[in-house]
Protein chains: 2
Amino acid sequence: MSIDVVVVSPLAGHLGILGRREPGRSRRLVVPWGWPARGESLEAAARRIASEAAGAEPRLLMQSGTHGDGVAHPGGAFVSVSWVGVLPPAVPAPGWAWTDARSPGGFGPRHRGIIAGAVAVLRQRLDHEPIAFRMLPPLFTLSELQAVYEMLLERRIHKASFRRALHAAWLVTPADEWRSEGRGRPAQLFRYAPRRRRGAQRGVRFDPT
Amino acid sequence: MSIDVVVVSPLAGHLGILGRREPGRSRRLVVPWGWPARGESLEAAARRIASEAAGAEPRLLMQSGTHGDGVAHPGGAFVSVSWVGVLPPAVPAPGWAWTDARSPGGFGPRHRGIIAGAVAVLRQRLDHEPIAFRMLPPLFTLSELQAVYEMLLERRIHKASFRRALHAAWLVTPADEWRSEGRGRPAQLFRYAPRRRRGAQRGVRFDPT
DNA sequence: GACATTAGTAGCAGACTGTTACTTATTCGC
DNA sequence: GCGAATAAGTAACAGTCTGCTACTAATGTC
């Protein structure tokens, strides 16, 4: 039973996932994977595997499914427990590189399924877990945050609506710093700092997939 | 590696899950579980295990997580791939009985965690998957449907708002039948029949958990 | 036939969303 | 310096959605 981790980070304009070609193996890309050590919990193994490839600890790690339906795994495992980890952009460990999450064609069939499942989990839980915030450094601009949301949702969001909803949820506090990004007005920096809430749930949603 | 299935169905006033005391084992309750057969996919194994205990095929079956962190499994498995299946109320197979999902105290620690995860998955995906509909027979009243939503969400819903949102989503069509439930006006029967849609997604939600 | 009980709907007030249009603050080119 | 270009950030309006109250409708019970 293998542990496979899809490590996701926002690059310029698209989401990136970590991949590499295994030394002396095939020409297929693989995501970070390995076997759990004796006495190691599944989550600890996933964290270790992700960290070794990314060169840094994932800031958020979630299980994204277990695959075992005869599709070949690079290590020959019958079953793969797959995880998705997110972290801010970073230089990966030697051998690993960021690839565009929207075109996973270089990966093998098992890993393509795992990547699709990982991205689906990120999208599903985006409104309940601080996924986008964990993809950014502690201080970020609201435009950066919006860009991450747009990558994850794969659709454009209106600036005013986004900020209005964000502030209504009391999820960020402004820092007393501004960052100038070349031309244009400097953007204020914010910090993820969820305050109070746990408000009464509103209505029922019927969104057939 | 075991396969464990939490089988859920709406009983009078609360959700029920299938459990039994294993013959000559311990006094702990267990959910349906087993080992995948050679060449059997994980989903096929889960479907088989659920059907044998429930006496009927689950109408919806979803993976709900994989547990393996040292907590004891009744079969001694290190890792358990857990699933959640739903179906309309039915008489279970001999030996199995419905127990209240809200008080899983009779189960062992591993199964308590699995049950909590299963219920969380049901709640999370309630707005994207026809979970409530698969817990009801093909013809049902809107009051029955609302009762299932209330069990799953563990909160009361306002009747008018519920029906307005339901009809706006074009998920049900009325049958030309009415059912009288003792006293009170007879209720019209409906059928799950999602039509068109796939509408443009609305805004961004920020709901810290 | 009055009453209790459940199904189902109309309509209002307030909240939320999408959008346009604006103001503010900076760099670039001259 | 000074206007143009660019990006951040806000105000405000109109349309939509939600929570709620209050109602009507249809049946069984006494």
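Note on naming: letters A, B, ... go to the chains in the order of the sequence lines (proteins, then strands), and numbering restarts at 1 for each one. Atom set for the values below is all heavy atoms of this structure, side chains included, hydrogens, waters and symmetry mates excluded.
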If you restrict it to nitrogen or oxygen atoms, what contacts under 3.5 Å exist between nucleotides 26-30 of chain C and the protein, and what is each distance?
{"residue": "dT26(C)", "atom": "O2", "partner": "Gly184(A)", "partner atom": "N", "Å": "3.4"}

Under 4.0 Å, heavy atoms only, any strand: does Glu181(A) hit a base, just the sugar-phosphate, or nothing? nothing
Whole-Å distance between dA25(D) C1' and Gln188(B) CD? 13 Å
Looking only at the side chain of Ser161(A) (C-beta and beyond, no hydrogens), which of the listed nucleotides dG8(C), dA8(D), dG18(C) gets closest? dG18(C)
Rounded to the nearest angstrom, tell me the gap between atom CZ in Arg163(B) and atom P in dG19(D). 16 Å
Nearest to the side chain of His158(A), heavy atoms from C-beta on, is which of dG8(C), dG18(C), dT10(D)? dG18(C)
Pick base, sugar-phosphate or nothing for Ser143(A), based on heavy-atom distances below 4.0 Å to the nucleic acid. sugar-phosphate
Glu144(B) CD - dG8(C) P separation (whole Å): 11 Å
Check the angle between the aromatic planes of His167(B) and Phe190(B) and answer parallel, tilted or perpendicular using the 30° and 60° thresholds. tilted
Any donor-acceptor N or O pair under 3.5 Å, side chains Thr141(A), Arg179(A): no
State which residue, out of Arg102(B), His14(B), Arg123(B), fulfils the side-chain hydrogen bond (donor to acceptor under 3.5 Å, both in side chains) condition with Glu154(B). Arg123(B)
On DNA chain C, does the nearest nucleotide to Phe190(B) precede the nearest nucleotide to Gly203(B) from the 5' side, or the other way round? Give the residue. Phe190(B)
Rounded to whole Å, NZ of Lys159(B) lies from P of dA25(D) at a distance of 14 Å
Atom pairs under 3.5 Å, N or O on each side, protein against nucleotides 12-17 of chain D: can you list them with distances?
none

